[in-house]
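Before any comments, here is the structure.
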Number of protein chains: 2
Amino acid sequence: MATEKPLLENLSLNQITTEYWSLKEAVDGCVKADIPWISLWRHKIDEIGLSESKKIITDSGLKLSSLCRGGMFPAVTAEQRQKSLDDNRRAVEEAAELGTDVLVLVCGSAPDRDIHTSRKWVEEGIEQLVPFAESYGVKLGIEPLHPMYAADRSVVVSLGQANKMAEKYNANQVGVVVDVFHVWWDPDLYNQIERAKGRILGFHVSDWSVPITDTFKARHMMGDGVIEIRRIRQAVEQAGYHGPIEVEIMNQALWDTPGDEVLSLIKERFVEHV
Amino acid sequence: MATEKPLLENLSLNQITTEYWSLKEAVDGCVKADIPWISLWRHKIDEIGLSESKKIITDSGLKLSSLCRGGMFPAVTAEQRQKSLDDNRRAVEEAAELGTDVLVLVCGSAPDRDIHTSRKWVEEGIEQLVPFAESYGVKLGIEPLHPMYAADRSVVVSLGQANKMAEKYNANQVGVVVDVFHVWWDPDLYNQIERAKGRILGFHVSDWSVPITDTFKARHMMGDGVIEIRRIRQAVEQAGYHGPIEVEIMNQALWDTPGDEVLSLIKERFVEHV
């Protein structure tokens with residue numbers, strides 16, 4: 001069920017890896033580098049508008065692996081939470097319009113001293129979003145983030161927690177996204193990957209290296225850290241996921257490198273380490 | 001079983017909170033501030049030797065809540081692992097000599113791409129250390145560290161994992177240390193605190209605040225972050241722990257503050273937030 005090497009036909013550029021490229025530059029870069037998939041971020045779509053973004057993608061022949069991102073549900077006032085829900089509905093519409101059925105959810109954080117209430121708000125947000133997303137044929141992919149982001153990006157911090165949340169819904173409504181950077185430390189990882197069978201909506205790769213001086217930009221190129229990426233990729237395949245594999249790396253040095261060089265390095269490291 | 005406010009008679013200064021103080025200065029500071037407990041770090045003991053350290057503690061009348069730290073078991077060669085074990089035995093002897101029955105274990109990290117083997121080395125190290133420690137009347141307190149330290153400080157990353165490891169031994173041999181900074185994010189935290197009943201050997205407090213620019217010195221004074229410290233402290237009491245509560249904060253700004261001011265602030269925040 002799992003291949004020794006990953007298939008280059010599954011390689012996807014998550015656009016944040018080339019943060020200083022416009023959407024057009026990222027798409028052109030992928031076409032030139034023979035990378036068949038791309039994942040778009042909404043702040044890049046906003047720069048040129050949805051219809052122009054769609055035209056660029058369609059003309060390029062690239063396939064869209066996901067849209068990043070919905071989520072960010074917790075907020076102290078009901079009004080703010082409603083705003084967040086409205087924004088999530090727009091994200092669903094954008095995903096559908098652009099031609100992907102996966103909206104990645106970065107669920108949001110604990111803004112004060114009550115992580116439990118934040119978790120409840122996340123559950124409520126997803127529950128409210130599901131019927132809307134389903135009507136557009138868009139699945140919600142809950143991405144557990146590394147616990148170091150619990151206070152600023154996501155109160156969903158492990159694959160076990162994400163699985164439990166997803167299992168309340170049908171597999172065509174809600175699933176999980178497995179990102180090696182976020183889950184590699186988890187003693188229960190392989191059990192939880194198996195448990196996620198049929199619900200894995202995406203697989204993201206990068207690497208973990210110390211020291212960390214900026215938690216957001218802490219990711220490294222595959223092979224430059226300690227994560228057993230290949231083992232995790234094979235487990236995800238054993239659990240039935242054979243879709244696109246996104247390379248998602250927030251890293252200042254990489255952002256400062258010419259995009260074409262980054263894509264070339266990605267392909268090399270993908271074959272060697274994923 | 002749990003008190004509304006914490007008892008000041010349980011307050012302990014973990015010495016790293018006043019890293020720029022010598023052992024003598026830290027002890028004198030606690031006496032002056034009426035803080036009844038202290039936890040010593042071995043690098044501070046090394047500065048003046050064990051017998052001088054013991055004399056200072058004994059003369060002061062302070063009680064020793066724990067010795068920091070043993071552990072750091074994983075290493076690539078058998079020779080390095082043997083060296084680590086030897087050092088852990090010295091740590092046990094020091095704990096016994098100084099008059100505490102708790103040696104805190106920071107278990108060590110995954111130096112390469114195989115966290116499973118590192119975890120095996122930790123298990124082996126503890127197994128080898130237990131009979132020696134027992135013969136000195138010293139208990140090993142496995143302290144799960146936050147998952148952001150999995151590559152540089154500890155492959156034991158959750159209380160569940162620590163409980164499982166400790167349960168292989170008698171409660172007078174191996175237990176766990178609960179540090180709010182390391183465990184606050186865990187969706188299974190309160191279950192695991194309950195499970196740890198009878199095995200909790202220490203309780204540490206600080207706070208979590210973002211952004212983090214240095215993972216080691218990332219801790220904040222209680223009340224300056226998002227952790228539900230009081231709720232966790234009460235859960236730990238419900239699980240039968242009524243021992244010393246160590247304030248353990250690695251924080252550059254705090255280190256740069258005069259120690260007496262730090263101790264004064266600790267007492268204030270302890271009553272208010274712990």
Side-chain angles (χ1 to χ4, degrees), chain A residues 109-119 122 144-165 180-190 207-218 220 222-232 273, chain B residues 109-119 122 144-165 180-190 207-218 220 222-232 273:
Chain A
S109 60
D112 63 7
R113 287 182 204 130
D114 185 356
I115 195 170
H116 308 272
T117 300
S118 290
R119 285 177 171 147
V122 170
L145 260 54
H146 192 285
M148 78 178 169
Y149 300 113
D152 53 356
R153 296 182 62 75
S154 176
V155 292
V156 181
V157 292
S158 73
L159 188 53
Q161 185 189 5
N163 276 335
K164 194 173 168 187
M165 291 166 67
V180 299
F181 182 85
H182 294 309
V183 301
W184 74 279
W185 55 273
D186 188 347
D188 202 31
L189 176 59
Y190 295 94
D207 216 330
W208 181 286
S209 180
V210 289
I212 287 169
T213 53
D214 178 327
T215 55
F216 183 68
K217 299 181 196 168
H220 288 260
M222 299 83 75
D224 288 344
V226 300
I227 304 178
E228 293 173 287
I229 305 172
R230 177 148 296 167
R231 182 172 172 181
I232 301 174
H273 291 285
Chain B
S109 61
D112 63 3
R113 285 181 205 131
D114 185 356
I115 194 170
H116 307 273
T117 300
S118 290
R119 285 178 170 145
V122 170
L145 259 54
H146 192 285
M148 78 178 170
Y149 300 112
D152 53 357
R153 295 182 64 74
S154 176
V155 292
V156 181
V157 293
S158 72
L159 188 54
Q161 185 189 4
N163 276 335
K164 194 174 168 188
M165 291 166 66
V180 299
F181 182 85
H182 294 308
V183 301
W184 74 277
W185 55 271
D186 188 347
D188 203 30
L189 176 60
Y190 295 94
D207 216 331
W208 180 286
S209 180
V210 289
I212 286 169
T213 53
D214 178 327
T215 55
F216 183 68
K217 300 181 197 167
H220 288 261
M222 300 83 75
D224 288 343
V226 301
I227 303 179
E228 292 172 288
I229 305 172
R230 175 147 298 167
R231 182 173 173 181
I232 300 174
H273 291 284

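Just so it is clear, the structure is predicted and the values come from calculations on it, not from any experiment. Lettering follows sequence order; numbering is per chain, from 1.
- Classified by interplanar angle (parallel below 30°, tilted 30° to 60°, perpendicular above 60°), the ring pair A:Trp185/B:Trp185 is perpendicular.
- Of the atoms belonging to B:His273, it is side-chain heavy atoms, and not backbone ones, that fall under 4.5 Å from chain A.
- Note on A:Ile115, A:Thr215, A:Asp186: by heavy-atom pairs under 4.5 Å with chain B, the leading option is A:Ile115.
- Contact record, B:Ala151 with A:Trp184: N-CH2, 3.8 Å, taken as the closest heavy-atom pair.
- Of the atoms belonging to A:Asp188, not a single heavy atom falls under 4.5 Å from chain B.
- Contact check for B:Met148 versus A:Tyr149: no side-chain heavy atoms found under the 4.5 Å cut-off.
- Heavy atoms closer than 4.5 Å to chain A are found in the backbone of B:Ile227, but not in its side chain.
- In this structure, B:Arg119 and A:Pro187 approach most closely via the heavy-atom pair NH1-CA, 3.6 Å.
- Of the possible donor and acceptor atoms, one in the side chain of B:Arg113 sits under 3.5 Å from a partner among the backbone N and O of A:Gly223.
- With chain B as the partner, the residue from A:Val157, A:Asp207, A:Thr213, A:Val156 showing the most heavy-atom pairs under 4.5 Å is A:Thr213.
- When heavy atoms are compared at a cutoff of 4.5 Å, B:Pro211 does not approach chain A at all.
- Interface residue B:Tyr190: only side-chain heavy atoms are found under 4.5 Å from chain A.
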